[in-house]
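Taking it in order: structure first as structure tokens, then the write-up.
Values below: every heavy atom of this structure, side chains too, minus hydrogens, waters and symmetry copies. Convention: sequence-line order gives letters A, B, ...; per-chain numbering from 1. All of these numbers come straight from a predicted model, not from anything done at the bench.
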Amino acid sequence: MRKIVFFSLVLALTAASAAFAEDLFVQSSKAKVMQEPSFKSKLVAEVAKGQKFTVLGKQGSWVKVKSATAEGYVPALLLSPRPPMESVGLIKGGEGEIKDNVRRRASTMTSAAAARGLTAEGRKRAGAEESADYAALEKMESYSLSNDEVEKFMQGGKP
Amino acid sequence: MRYALALTAALLTICPWMMPADLGAEAAPQQEVQKAADPLRADVVEEVLLGRETAARIAGIYGLDERPLANKYVGLVGQVVARNAGRPELSFHFGILNTDVVNSFAAPGGYIFITRGALERMQNEAELAGVLAHEVAHVAERHALRRIGVSVSADGSTGLAKRMGGTAEANQAERDRLVEKTLDILLDQGYGSADDQQADHDAILITALAGYDPAAMAQYLERLNSDKGKALELLKHTHPAGPARVSAIRETIKSESIDGSRLKTNNDRFREVFSAKQ
């Protein structure tokens, strides 16, 4: 009986410790796994976005991680507890989550702005509010760069 | 024995997180991408819309410098930097504000501005990368959202979809209020020294990961410190004291073992772009 109680508790505690093992996912398009927590350290591996790691420890800005094929250090800012989300944004030439929302709200925006009270800072900016420049913003949003262009630029290509 | 089994069963029932993942479900694939129908996405959409409205106001105040080559170049440097920011769900947009004022701004959701005045005081691409990385870091860490009273959970949810999503009047009023508060942070109050120090720290790592020398950012700020011109008034009002900031950046570069690394500054490419007739 005692053996069974002991076995059951060990099983439960093992399950609990396994559940506590923290997983992190790579958020950047690529991430270098270094042997030590330093940019000057030896490169162990290069992994792609979405790579799942088990956390072994943390040291300053770095996290010690392990996957089936690599173990080493990755900067904490490239990792998140959730898998990377698909891009939220304007879909060129079609409808997207942002574009749909912008259109749905455009008709109601002006009346809401006029109805609300303005803070002191808001009053100072009241003139500018009227001239919120969505045309300029759309132009800025239209400057799209392909992955290929960015890669070539990173390799030293001209803009 | 019954007690032992009951104890184990009870533990696993009350605390399902105690069950190892591979006992409870099929092992997840090694590389995963979070798909749609994720409630976090709705919050991210609102974060972008809040940033978009804020950005339109900033564009309205200063106007955009539309030189095509300069915009393409700033966009390319920005995209190289943003790839290392840890927010793949955001589409970052980079614009140049047509003003002599020296500053840079980050509206939530990935709308980043740098002024023509700031670009005119830069000497190389690594300086530009450092400044853009600082702004990208503010976005990645959702500093503006936190400053306007939005609480950000560990999983990244902000509650913005419930608070300002849809067309209900109350939600629109809340959205307008949050835009005003964000503009207060960007144009008047600044983020506060803790957020700026974190953005500098992250920017150093981001620029190094992108292959740029982060020491260039310190050189640029040092140059600004010796400039007493009126164009720097807003920057000095909204950012931490210059010399202390430069020292902190150099200290971080050393403590992160980036000093002495042979990272690029791309002086020639920077000069070619801004000396070209556009």
Side-chain angles (χ1 to χ4, degrees), chain A residues 1 4-5 8 11-12 15-16 18-19 25 27-29 38-40 48-52 61 67-68 75 77-78 80-90 97-98 101 104-105 108 112-113 116 119 121-122 125 128-129 131-134 136-137 139-141 143 145 149-150 153-154 159, chain B residues 1 4-5 7-8 11-12 17-20 30-36 38 40-41 44-45 48-49 52 55-57 59-61 64 69 71-73 75-76 79-80 83-84 86 88-91 93 95 155-156 167 169 172-173 176 180 183-184 188 202 205 208-209 256-258 261 273:
Chain A
M1 174 73 181
I4 294 167
V5 172
S8 301
L11 182 70
F25 298 84
Q27 304 292 308
S28 50
S29 50
S38 164
F39 285 96
K40 290 177 187 162
K49 183 162 81 175
Q51 173 68 49
K52 184 179 177 181
S61 308
S67 71
L77 60 84
L78 300 184
S80 165
R82 57 175 168 73
M85 209 184 281
E86 285 178 336
S87 176
V88 169
L90 297 150
E97 287 156 299
I98 303 300
N101 271 285
R104 183 157 47 85
R105 289 170 178 180
T108 50
R116 78 189 147 73
T119 62
E121 193 57 32
R125 288 193 298 259
E129 182 180 1
S131 61
D133 195 344
Y134 283 95
L137 195 70
K139 184 145 196 182
M140 181 174 150
E141 288 170 337
Y143 297 136
L145 296 159
E149 278 178 292
V150 179
F153 183 75
M154 284 168 75
Chain B
M1 171 157 174
L5 291 176
L7 174 67
T8 309
L11 270 169
L12 291 175
W17 42 265
M18 292 175 79
M19 185 181 287
Q30 280 286 296
Q31 292 180 13
E32 297 180 22
V33 173
Q34 203 150 321
K35 297 288 180 191
D38 170 3
L40 290 178
R41 282 185 78 78
V44 176
V45 168
V48 174
L49 289 167
R52 194 174 189 275
R57 295 279 295 278
I61 292 167
L64 289 186
L69 181 60
N71 273 281
K72 188 175 185 189
Y73 180 66
L76 281 163
Q79 295 303 337
V80 170
R83 284 178 166 209
N84 295 293
E89 72 275 24
L90 298 179
S91 302
H93 303 282
D155 69 354
T167 54
E169 203 172 312
Q172 287 171 44
D176 288 341
E180 289 298 330
L183 285 165
D184 282 343
D188 185 33
D202 288 357
L205 300 181
L209 285 165
E256 293 289 350
S257 310
I258 307 170
S261 305
V273 169

Side-chain contact test, heavy atoms from C-beta onward, threshold under 4.5 Å: evaluate it for L77(A) versus L209(B) and give yes or no. yes
Most chain A-contacting option - heavy-atom pairs closer than 4.5 Å, from G86(B), P88(B), A59(B): P88(B)
What closest approach, in Å, do S87(A) and R41(B) show between heavy atoms, and which atom pair accounts for it? O-NH2, 3.4 Å
Using heavy-atom distances under 4.5 Å, tell me whether D202(B) contacts chain A through its side chain, its backbone, both, or neither. both
When the 4.5 angstrom heavy-atom criterion is applied to Y143(A) and chain B, the contacting part is side chain
Chain B contacts, top residue of S28(A), S61(A), S38(A) (heavy-atom pairs, under 4.5 Å): S61(A)
Measure across S257(B) and K40(A) and return the closest heavy-atom pair with its distance rounded to 0.1 Å. O-CE, 3.2 Å
Toward chain A, the part of L69(B) with a non-hydrogen atom under 4.5 Å: side chain
Heavy-atom contact with chain A under 4.5 Å, split by part of L64(B): side chain
State, to 0.1 Å, how close M85(A) and E89(B) come at their nearest heavy-atom pair, and which atoms those are. CB-CB, 3.6 Å
Between OG on residue S29(A) and CG on residue N84(B), distance to nearest 0.5 Å: 6.5 Å
What part of L145(A) gets closer than 4.5 Å to chain B, counting heavy atoms only: side chain, backbone, both or neither? side chain
By ring-ring contact (aromatic ring centres under 6.0 Å, His included), which residues pair with F39(A), not counting sequence neighbours? W62(A)
Do R83(B) and M154(A) make a side-chain contact, defined as non-hydrogen atoms from C-beta onward lying under 4.5 Å apart? yes
By a 4.5 Å heavy-atom criterion (distance strictly below it), what part of S80(A) contacts chain B: side chain, backbone, both, or neither? neither
Side chain to side chain, V88(A) and L90(B), heavy atoms closer than 4.5 Å: no
